[in-house]
Amino acid sequence: MNRIFSGVQPSGNLHLGNYLGAIRNWVRLQGDYQCIFCMVDMHAITVWQDPAELRQKTREVAAGMLAAGVDPVKNILFNQSQVSAHAELAWVFNCVARIGWLNRMTQFKEKAGKNRENASVGLYAYPNLMAADILAYKATHVPVGEDQKQHLELARDIAQKFNNDYGVDFFPQPEPMIFGAATRVMSLRDGTKKMSKSDESEYSRINMTDDADAIALKFRKAKTDPEPLPESVEGLEGRPEAANLVGIYAALSDKGKADVLAEFGGRTFSEFKQALTDLAVSVMGPINQEMKRLLADPAHVDAILREGGRRADEIAAPIMQEIKEIVGFLRP
Ligand code: TYM
């Protein structure tokens with residue numbers, strides 16, 4: 001059976017990139033697959049997290065998914081640290097993956113920055129944990145934004161090397177699912193940089209917790225160029241900020257970029273930004289309201305995650321047992 005696994009780090013606010021690149025797609029896939037969606041708190045601590053804030057962010061991210069329409073009964077929604085298979089399999093994969101493979105990971109280079117010696121070992125081994133997340137459930141499909149493509153290729157390499165090393169046909173090759181008009185949403189301050197939780201500038205991203213005023217202000221301040229919008233998609237070339245805003249509009253309205261430009265080509269950015277604000281508020285506003293409602297009752301969110309953790313463990317524990325047999329660990 002086809003099984004989906006995907007995750008989000010509860011290390012900051014969910015933003016429009018997470019929504020358009022990942023969470024909205026998850027909502028559209030549920031029903032056709034068995035879906036397991038995870039708040040990856042163990043990934044989050046690869047960089048320092050204040051414990052109380054991490055707890056709160058984990059609830060917030062869960063509330064964001066629920067508010068966006070993820071059904072926790074049809075699917076499994078939980079936080080990673082509840083299920084021990086993630087850490088156990090990550091260790092096995094630390095011994096399968098090669099240092100050379102991890103050295104090629106561009107996200108580590110970006111996140112570690114210049115001071116690589118001072119990055120945590122966890123940040124370096126992060127892609128092995130991510131492979132474990134997926135393969136602990138033998139997931140076959142992984143819906144993500146474009147920035148996770150390289151990590152998924154590594155997960156496929158690890159699955160294959162494990163199968164080869166141990167002479168088994170155990171792990172599937174998980175398929176990335178990267179789709180929609182906004183697989184890579186860019187910063188509102190710099191159209192060449194990805195919209196990210198870790199950007200220092202709040203004006204770089206629309207958070208799922210932003211109200212209508214904040215959304216309006218951020219789009220108003222968003223960087224643009226002096227030209228009016230082009231009439232065709234080719235005209236967006238070399239204009240990263242324009243391309244980004246048009247892409248966001250297209251994704252939010254479920255249209256193609258060409259359709260958006262057929263409507264707005266030749267118009268000024270100030271007109272377009274107003275329309276974009278209205279659209280974003282109409283899509284994000286109800287989600288934002290529902291998130292607030294859910295967060296007013298944290299015990300309810302916690303109970304959903306606990307039940308999700310129990311169900312996730314039911315799937316992962318027997319798979320982990322088989323892995324231990326394959327590797328040659330004696331049963332206790
Ligand atoms: P994270 O928390 O950075 O992002 C969560 C999801 O949002 C997508 N995304 C974006 N999509 C479009 N434009 C953007 N600017 C943008 N920023 C983020 C990401 O591609 C992702 O789908 N390593 C992962 C979490 C993870 C995971 C996993 C994912 C851990 N284990 C197993 C899939 C399967 C991460 O840091 O995502």
Side-chain angles (χ1 to χ4, degrees), residues 1-10 22-23 25-27 29-45 54-55 58-59 61-66 68-94 96 128-144 152 155-156 158-159 162-163 166 168-175 177 294 298-332:
M1 200 247 272
N2 285 334
R3 181 178 282 160
I4 276 180
F5 184 96
S6 201
V8 179
Q9 290 197 59
I23 298 171
N25 290 348
W26 302 355
V27 174
L29 290 163
Q30 61 184 1
D32 294 338
Y33 293 82
Q34 181 189 38
C35 299
I36 305 170
F37 298 128
C38 188
M39 268 49 63
V40 290
D41 46 12
M42 289 160 63
H43 278 93
I45 63 163
L54 178 61
R55 249 187 297 278
T58 304
R59 286 189 188 110
V61 169
M65 290 188 197
L66 292 166
V70 171
D71 180 335
V73 177
K74 278 199 213 132
N75 310 293
I76 295 178
L77 191 67
F78 75 112
N79 57 305
Q80 187 184 25
S81 57
Q82 283 197 71
V83 178
S84 61
H86 293 256
E88 291 186 71
L89 185 54
W91 182 258
V92 175
F93 287 170
N94 283 344
V96 172
N128 294 345
L129 177 59
M130 182 162 158
D133 297 340
I134 299 163
L135 294 167
Y137 302 90
K138 291 190 169 181
T140 51
H141 292 80
V142 187
V144 283
L152 276 172
R156 292 165 64 89
I158 290 176
F162 180 96
N163 287 349
Y166 290 101
V168 288
D169 181 16
F170 188 73
F171 288 123
Q173 286 274 293
E175 291 286 338
M177 300 174 98
L294 287 162
H300 173 65
V301 176
D302 291 4
I304 289 176
L305 295 181
R306 218 170 20 251
E307 173 59 11
R310 192 191 60 71
R311 288 167 60 208
D313 193 55
E314 249 173 37
I315 301 174
I319 295 176
M320 197 59 224
Q321 199 48 55
E322 280 186 82
I323 295 166
K324 288 180 179 175
E325 299 266 346
I326 292 171
V327 171
F329 295 160
L330 265 183
R331 269 178 190 269

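By convention here, the first residue in the shown sequence is residue 1. Please read these numbers as outputs of a predicted model, since none were measured by experiment.
- D41 contributes atom CG, which lies 5.5 Å from atom OG1 of T58 (distance to the nearest 0.5 angstrom).
- No side-chain heavy atom of V8 sits less than 4.5 Å from a side-chain heavy atom of M39.
- If you look at Y166 and F162, their ring centroids are closer than 6.0 Å.
- Expressed to the nearest 0.5 Å, how far CD of Q34 lies from CG of N2 amounts to 10.5 Å.
- Salt bridge status for E314 with R311: absent, with no side-chain N to carboxylate O gap under 4.0 Å.
- Contact record, A68 with I23: CB-CG2, 3.7 Å, taken as the closest heavy-atom pair.
- Expressed to the nearest 0.5 Å, how far NZ of K324 lies from CG of L89 amounts to 10.5 Å.
- For the atom pair CD (Q321) and CZ (R331), the distance works out to 4.5 Å, reported to the nearest 0.5 Å.
- No close placement of the F5 and Y33 rings is indicated, their centers lying 6.0 Å or farther apart.
- Using a 4.5 Å cut-off on side-chain heavy atoms (C-beta onward), E175 and V142 make no contact.
- Side-chain contact between F170 and I319 is present, with heavy atoms from C-beta onward closer than 4.5 Å.
- Using a 4.5 Å heavy-atom threshold, the side chains of D302 and R59 count as touching.
- If you look at H86 and F78, their ring centroids are closer than 6.0 Å.
- For A62 against V301, the heavy-atom pair with the smallest separation is CB-CG1, 3.8 Å.
- Counting only distance, with no hydrogens or angles, the side chain of S6 and the backbone of F37 share no donor-acceptor pair below 3.5 Å.
- Screening L77, I315, I4 for a side chain to side chain contact (heavy atoms under 4.5 Å, CB included) with I36, the sole residue that qualifies is I315.
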Assess the residue pair D313 and Q82 against the criterion (side chain to side chain contact (heavy atoms under 4.5 Å, CB included)); give the C-alpha distance rounded to whole Å, side-chain angles, the decisive distance to 0.1 Å, and a yes or no. CA-CA 8 Å; D313 193 55; Q82 283 197 71; over 6 Å; no
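- Taking all atoms of both residues into account, the shortest heavy-atom contact from A312 to V83 is CB-CG2, 3.9 Å.
- With sequence neighbours left out, the salt bridge (Lys or Arg N to Asp or Glu O under 4.0 Å) criterion links E322 to no other residue.
- Nearest approach of L135 to A159, heavy atoms of both residues: CD1-CB, 3.8 Å.
- At distances below 3.5 Å, not a single donor-acceptor pair connects side-chain atoms of N79 with backbone N or O atoms of S81.
- The CE atom of M65 lies 8.0 Å from the SG atom of C38; values are rounded to the nearest 0.5 Å.
- The shortest side-chain heavy-atom distance between P174 and H141 does not fall under the 4.5 Å cut-off.
- No side-chain heavy atom of L66 sits less than 4.5 Å from a side-chain heavy atom of D71.
- For the residue pair Q30 and N75, a side-chain donor N or O sits within less than 3.5 Å of a side-chain acceptor on the partner.
- Under the 4.5 Å side-chain criterion, counting only non-hydrogen atoms from C-beta, H43 is in contact with D133.
- Between Q80 atom CD and Q9 atom CD the span is 9.0 Å, to the nearest 0.5 Å.
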Please step through side chain to side chain contact (heavy atoms under 4.5 Å, CB included) for the pair W91 and V96, ending with a clear verdict. CA-CA 9 Å; W91 182 258; V96 172; over 6 Å; no
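- Not one N or O on the side chain of R3 forms a donor-acceptor pair closer than 3.5 Å with the backbone of K138.
- A heavy-atom distance below 4.5 Å is not found between the side chains of F171 and I134.
- With sequence neighbours left out, R306 forms a salt bridge (Lys or Arg N to Asp or Glu O under 4.0 Å) with no residue at all.
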